[in-house]
J.: 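Attaching a single structure in structure tokens format; questions to follow.
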Amino acid sequence: KEMESFPVLKEKTLKESLFQQRNLNVAAISTIHPRASEVSGEDVPDGCFPSSSKDSDEEESSEKVGNSIFYVDSQQESPSDENRGQLNMLSAAYESLDYDTCVNAAWLDEERTKGYTFVVKKDVARWLVVLVTAVLTALVGCCIDITIESLSKFKYTWLKTYTDYGVEHGVLIIPYLLWVALNIGPTLVAGYLGSYVEPVAAGSGIPQVKCYLNGVKVPRVVRIKTLVSKAVGVTMSVLGGLAVGKEGPMIHSGAVIAAGVSQGKTTSFKYDFGIFEYFREDHEKRDFVSAGAAAGVAAAFGAPVGGVLFSLEEGASFWNQALTWRVFFGAMMSAFTLNLVLSTYNGVPGKLTYNGLLNFGKFEDLTYEIWEFIPFLLMGVMGGLLGALYNFINFKLTQLRMRYITRPWQKVAEAILVASTTASVAFLMIYGLHDCRKIEDEASRSDRYPIQMYCNDGEESAVAAIWFQTPEKSVRSLFHDPSKSFEWLTLSVFFGCYFLLACWTYGLGIPSGLFIPTLLCGAAWGRLTGKLMTLLFPGQSWLNEGKYALVGAGAMLGGVVRMTISLTVILMECVGNITFGLPLMIVLMVAKWVGDFFNEGLYDIHIQMQGVPIMAWDAPPLSNNIYASEVLNRPVTTLRTVEKVSRIVEILKSCTYNGFPVVDSIPTEEEARNFKSYGTLRGLILRSQLTVLLKHKVFNENAHVWESSKVDIRLFRLSYPRYFTLQEVDLTEEDLECTIDLRPFHNPSPYSVVSCTPLPRMFNLFRALGLRHLVVVNDSREVVGMVTRKDLVKYRVWKHRGQMGLEELVIYDN
Ligand code: ATP
């Protein structure tokens, strides 16, 4: 009888058929649709503005200024092949993290019994975890760096020997084939790791970390297997000669290490060290992940402050003073450890001259004159334009990849194709461009492999000088090689080819960083600008091609990734010059503004293409007239404070929701329809909590058994983060007849809003508190609806050809 009065399934069907009648789809994006509430005839809640009249006013006024507000309704559907990778779709598969602490009776019990000693112990443990994370992150960085250095020495020495031999004997096919083979070998390993072993390790990892800090559960993102695949994979990608860097993946590695160390157990190896149990909660883990990401940036760039700012820029909604200190401490310790180990490895222990994995080298002269801001500004504009073009090309390529290159073997094959094309392009350039320069600096020859090709004795091919080293060293060459080291044609052809190769490479099924290739492209056109300046203002002492290469690199990077604060500080710390901070900041800001006019940053594009429900910084503008009553979902699936096991099981089976309001009593279908409410709110319980209770049979009828063994908060922590699924819960017929008292376990004070709460207010709650569920109640605190992150994220600002509007994204089931 109880199941009959349970209104969920019937009303859900009703709502679905309503959607079908309206038959809206993505293609309808250019049609102005009425609001969901208007079509379904729902009343505007008391105290809210009548939405229809306000709507028409809004639309009229926005038409006057050339803006339109478009509404497209969301619908759950699987994306067809041609829809895959579109930017206006959200995947229902992504779940949220629980950043809100569930302050229930079990949690309070722990706090009460353990007292202040526990608080202090937990605090000390936090610092310890951050320290260990920092040291481990730096050590991973050192391993990657040392392996790349040692193996690339072999690679380029071999290549040099065979190229010299090939030139001498007229058999250039030998060095060419060797180069292709030496690129393909490591790429094969990287491709295998990124496509077969752990696909989430492919790419730079920054988008994934960004999503995690934003509150989205990206499956397998902080696993040990991911870390190993990432670290080994990126080493192989760099060795494979691809247009990639190792810096981005370091950030991901730091995040994984932090998540692993803080939990005191490994789920991959199924081993529990029995420590740090109190950190087994999403919000604790998130804090460590931000510290780990900062440690990763610090190790990668030797930029501890940049690391803190990176975490702040990407995960700023959850920040406090104590966390800032810990994150800064971690970043400092990571940079220091890396420096110590690399200095020792390079035979100068204690000298601490190896600041980070990426080393820009020492700029002799970075002074600038006030009027140079004009060319810097123009370079910022150029960076924005090129960045937007880069993102556009990469977006189109990724879209094709998502549609047609879906199997692991296809991904590996594509990576191999890119690796061999890179070798071929480089070889053709070295062969075809006759750009010779004197071999000047004997001292720097140990890590250089000068190739004479068809140059005179004592000269080397300038083209080979760029290609015969890791991309990171090429950046350094472009920054520091004396003026006139590269011809116009060499730089132009190199820029064109590398730009296209880098566009093609990012997004392959291999671990790869984006920073170095974009810096290298930017350094190439920046140096060209420097040459142009020398031509326009000959004989000026302040003119330095390297300085313009640096500005170009910053502009290009800013134009592609669109981060401003952290990137400025990272570049400043890499360069080691504070005065040059202002030009760098201006260039990065201009590049971002110009780029933003055309499209989003590359990380954001990739996040959107995956359909991740990531929350933007702010609610969409002009959304104050969208109310909770319009975005909420109903009927609401609720549970009673004391609930029957059979009903809980039935609900968990019949829906995918992760949170359920707990109410006093459930109204009948009739009552629910008439009064549009689903019982008085008493709390909120999560699916994960319910499965733990079912698994351990914490039933009222078993009270005598579990009371003696004490059901406390540890019960939930022990199964964190991979809670049981319903299939793992064994229940007998007898168990199904039992009841559970949810009161000690549910969150008795969940966040709730009234129906007339405007969208930006709910948005701020989600963003600032990291909420997962928000219950909508009426004046009598009766549940009238549910709002989750997806309900808010689906409203997104839409810009096209000077028009701006609000679109409602399509939610699809994977
Ligand atoms: P998340 O996926 O963020 O972890 P969730 O799985 O509980 O949370 P969503 O998948 O975001 O929820 O929700 C999909 C839709 O279901 C949303 O429109 C949301 O409002 C609605 N919803 C969530 N929980 C309930 C519930 N208990 N009753 C009715 N609707 C719900």
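Counting starts at 1 for both ligands and their atoms, in listed order. Quick note: numbers below take in every heavy atom, side chains included, and nothing from hydrogens, waters or symmetry partners. Keep in mind the model is a prediction, meaning the values are calculated, not measured.
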J.: Check the side chains of N700 and T739 for a donor-acceptor pair under 3.5 angstrom, ignoring hydrogens and angles.
T.: yes
J.: Could you list which atoms of ligand 1 come closer than 4.0 Å to a heavy atom of D791?
T.: 17 (C), 18 (O), 19 (C), 20 (O)
J.: Does the residue H773 have a heavy-atom contact with ligand 1, meaning some pair of atoms that are separated by less than 4.0 Å?
T.: yes
J.: Any nitrogen or oxygen of P661, main chain or side chain, under 3.5 Å from a nitrogen or oxygen of ligand 1?
T.: no
J.: Check whether E630 reaches the backbone of Y627 with its side chain - one donor and one acceptor, N or O, closer than 3.5 Å.
T.: yes
J.: Please enumerate all residues that pass side chain to side chain donor-acceptor pair (under 3.5 Å) together with Y720, with sequence neighbours excluded.
T.: D282
J.: Can you tell me how far OH of Y99 sits from NZ of K285, rounded to the nearest 0.5 angstrom?
T.: 9.5 Å
J.: With atoms numbered from 1 as shown, which atoms in ligand 1 lie under 4.0 angstrom from a non-hydrogen atom of T656?
T.: 6 (O)
J.: At what distance, to the nearest 0.5 angstrom, does CD1 of I685 lie from CZ of F660?
T.: 10.0 Å
J.: Any side-chain donor-acceptor pair under 3.5 Å between N214 and R789?
T.: yes
J.: Going by the atom numbers of ligand 1, which of them fall below 4.0 Å from some non-hydrogen atom of V636?
T.: 28 (N), 29 (C)
J.: Hey, does T788 come in under 3.5 Å of ligand 1, counting only N/O atoms on both sides?
T.: yes
J.: Take R717 and Y278 through the side chain to side chain contact (heavy atoms under 4.5 Å, CB included) test and state the conclusion after the steps.
T.: CA-CA 8 Å; R717 285 184 184 150; Y278 34 83; 4.1 Å; yes
J.: Does E95, backbone or side chain, put an N or O under 3.5 Å from an N or O of ligand 1?
T.: no
J.: Can R789 be said to touch ligand 1, with heavy atoms closer than 4.0 Å?
T.: no
J.: With a heavy-atom distance limit of 4.0 Å, tell me whether P635 approaches ligand 1 through its side chain, its backbone, both, or neither.
T.: backbone
J.: Please compare S688, A93, G659 and report which has the shortest non-hydrogen distance to atom 27 (N) of ligand 1.
T.: G659
